[in-house]
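Following: one structure in structure tokens, then a few remarks.
Proteins come first, then strands; the chains are lettered A, B, ... in the order of their sequence lines, and each starts at number 1.
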Amino acid sequence: MKLSTAIASAVLFLAALATVFWQYRQPAPVALTPTLTGQVEYCLTCHADLPEISPAHPVETFGCVRCHGGERLALEADLAHSTMRGGRNPSDLAVVEASCGGSDCHSGSLAEERDHIQRVRTGIQATYAGAIAQIRYTFGAQPDAIARYGIYAIEAYQMTTPRAVPYLDAFDPAQESSQPVKAFGEQCLVCHLSVDALPGAPNARLTGCAACHTPTANTDLEKPVHQLTTAMPYTQCNTCHNRGNYDLRAMHFVPRNDQPADRLHDYYQPIAQFVRCEWTLDCVDCHTRHEAMGDGNLYSSKKDIQYVRCYTCHGTLDKLPLTRTISDPNDLALRMAFLTPVIDLKVGDTVIVTEKGETLWNTRQLQDGTYELFGKATGQRLTFRPVKGSACQQKPDQQESRYCHECHAVQR
Amino acid sequence: MRPSFFHHLHPPTIPAAQSRLRYTLGAGGLSVFFSLVLIVSGVLLMYYYTPTPQEAPLSIQTLTFLVPFGWLVRNLHYWAAQLLVLVVVIHLMRVVFTGACAPPRRFNYLLGLALLVICVLLDFTGYVLRWDTGIQWALVVGTNLVKTIPVVGGGLYAFLVGGSQPGAATLIRFYTWHIFGLTLILLIIGGWHLFRVRRDGGIAVPPPELRPGNNRITRFELVRREVLAMLLASAGLVLLSITLPAPLAPPIQEGSALVAGARAPWFFLWVQELLKLGDPFLWGVLIPLVMTMVFVLMPYLLPNARPVELGRWFPPGNRLAQVISAIIVIFILIMTTLALL
């Protein structure tokens, strides 16, 4: 054999060795076949260290692709991630139907209370119709404060109250003739479910469902949080709420520049008054699913949907709070208590319900006529008495919180 | 020893001038080698590839990422195909620029041109088999070009695509053309082409009485040189396959639009650039066809190199053909560059 042939053979041999090296340099594929999809996926090859997103979405059942999309077989990052829905956040409202929807998931029937997506898309936190209507009314662009526009055009999912409107058109600031309304549209649409968060760790939230259900407050959004929860701490609500004020002259949002630390003393507006439960509980301990996520009606104001009051839990002078005894083992309240196990709710327990029939599943009536409530995020247990039979001197037609605050507000 | 096709291609001795690398560039031999690599790797790919729109991109992903050395087989197939088109074009240029297409090799030149066309069609049909968002644009544009041909366009489109738009029928037709129809034609014409090389007196050199020297090499030396070229080409293929993986794109989603900024495969970039000039039939079909016909008719209509001029580069005898070929090649290179910019 001549030298040139020997050298060429050696080169080819080395190249062949290199292919073996290349093959075994790759990480061994980690397969997962979620029971829900039945299709093998290899995401865990790289993402083995991700925590399970929630006890309600076990990875053996859901896998990754059902929610995130992506190329389940690709072991090359760019290709694998190329078809993911919503980038890191599949719950963005633009893609949420494909990610979280489905009749057995979150766009199912009203009867089964699986219609989260339909309700959220019509909810006022997503449409922002209240603020838009108020500003247009204030600056003379419409004759009343009834909502006409939303962040996107949408039809009502439900029409159960005369206060609701049947549809909203998409709000387009460029079409507005009033300068302040135009400026509002350009500078103030910063706190709805489809827009990215304002900068700063206290504002850190994602969009869509994850805006509330992924606890990102006071984290770095560059480092994704792989968690969904129904026990949102108040700090998550405060990524939008209590973040500052709108300056109606300059028409822009003025973020607060202090660093609130103590919740009672410097978190909220100085003029606001609070009773103890309002600053020791989390927002979601009292405010219900329909209040936060909407009930399918298109409302013109937060006031139209926010209805839980002091009396919801405490009753009035002549009425105890509304209650209901759980008899069905498949009751939604038991499902909810299972997901956020702060209370050992069981069939036979009596829980408080709202006037619209929503169950406050984290409460329970006790034998002695008092009630207990468990903080969803904190797990803390509070007990409380009804107004009826107490020394309270409230007038029956004065049930708004400001009347209760007159006696019960804490010193700030 | 019984005579065989191998012995037909490798006579006991041949003139040394016929196997000088700087004369032949080894392009013909490399074409044969790449074709063999393509057949072997292609058969291996067929065990994993599923020719349905749903499964095709997934089966390629499975092969690429999950089957041990599957990526290697696919990348070897890809690179052998790209290099085949390249060396076949180089081979054509060598033949024109050395005047080797003169009679008696005129007919074999035509067979070679046919092989070039078949190689390009094989490359395009293979490219389409990925059936992902990366090929969508070229498939739609390419098949729509067929539609623009007067009289027969509609029928030809239906024959190739099997419907009013690309779908499952198109994929199975392209698959069958790729692995069977075109491959069979390639094997028949390729075998004929090789047979005719020796029948026409081997690689073009002057007749013995006009040759300056009469050095000859043995069959063994010829095979050794071929093996050397194959070893080096194999090493090159493997290194390319390791460092530059064959392209993959996300699967086509139901009702998704064509990917913006999509491109034709590199060997059709010049046609893509021509299409920007206007009428798709004129620029996309007629002009490429005319260019091919120029090459077909060249040795029949233009002056050929004289026997004494053979065996070296740029003989004066067929200068006109060389100039026309150079213009066409430079034009294609410019158009390709423009498309890449």
- Message: Between B:A249 and chain A, with a heavy-atom cut-off of 4.5 Å, which part of the residue counts as in contact: side chain, backbone, both or neither?
- Response: backbone
Hey, could you give me the [atom1]/[atom2] distance between [X] and [Y], rounded to the nearest 0.5 Å?
| X | Y | atom1 | atom2 | result |
| --- | --- | --- | --- | --- |
| A:T83 | B:Q253 | OG1 | CD | 6.0 Å |
| A:L75 | B:Q61 | CG | CD | 9.0 Å |
| B:L239 | A:L12 | CG | CG | 9.0 Å |
| A:D78 | B:L248 | CG | CG | 11.5 Å |

Note, [X] side chain near [Y] side chain (heavy atom, < 4.5 Å):
| X | Y | answer |
| --- | --- | --- |
| B:L58 | A:R72 | yes |
| A:K2 | B:R225 | no |
| A:W22 | B:L72 | no |
| B:F69 | A:V20 | yes |
| B:P245 | A:E76 | no |

- If you count heavy-atom pairs under 4.5 Å between each of B:T64, B:L66, B:L237 and chain A, which one has the most?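 Most pairs with chain A among the choices: B:L66.
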- Highest number of heavy-atom pairs under 4.5 Å with chain A: which of B:L231, B:T62, B:L232? B:L231
- Closest heavy-atom contact between B:R224 and A:S4?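 Minimum heavy-atom separation between B:R224 and A:S4: NH1-OG, 3.3 Å.
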- Query: Pick from A:A80, A:P29, A:A28, A:A15: which one has the most heavy-atom pairs with chain B under 4.5 Å?
  - Reply: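 It is A:A15.
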- Query: If you tally heavy-atom pairs under 4.5 Å against chain B, which of A:A18, A:A74, A:S82, A:G70 wins?
  - Reply: A:A74
State whether the number of non-hydrogen atoms from other residues, nucleotides or ligands found under 6.0 Å of [X] atom [atom1] is greater than 12.
| X | atom1 | result |
| --- | --- | --- |
| A:D220 | CG | yes |
| B:Q54 | CD | no |
| B:R22 | CZ | no |
| B:F5 | CZ | yes |
| A:Y152 | OH | yes |

- Message: Under a 3.5 Å cutoff, is there a donor and acceptor pairing between the side chains of A:Q26 and B:W71?
- Response: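 No, no side-chain donor-acceptor contact under 3.5 Å.
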- Message: With a 4.5 angstrom heavy-atom cut-off, is it the side chain or the backbone of A:L79 that approaches chain B, or both, or neither?
- Response: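 For A:L79, the contact with chain B is made by the side chain alone.
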- Query: Under a 4.5 Å heavy-atom cut-off, does chain B meet the side chain of A:Y24, its backbone, both or neither?
  - Reply: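 Only the side chain of A:Y24 comes within 4.5 Å of chain B.
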- Report the residue from A:T19, A:L17, A:V11 that forms a side chain to side chain contact (heavy atoms under 4.5 Å, CB included) with B:V238.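 Exactly one candidate clears the test, A:T19.
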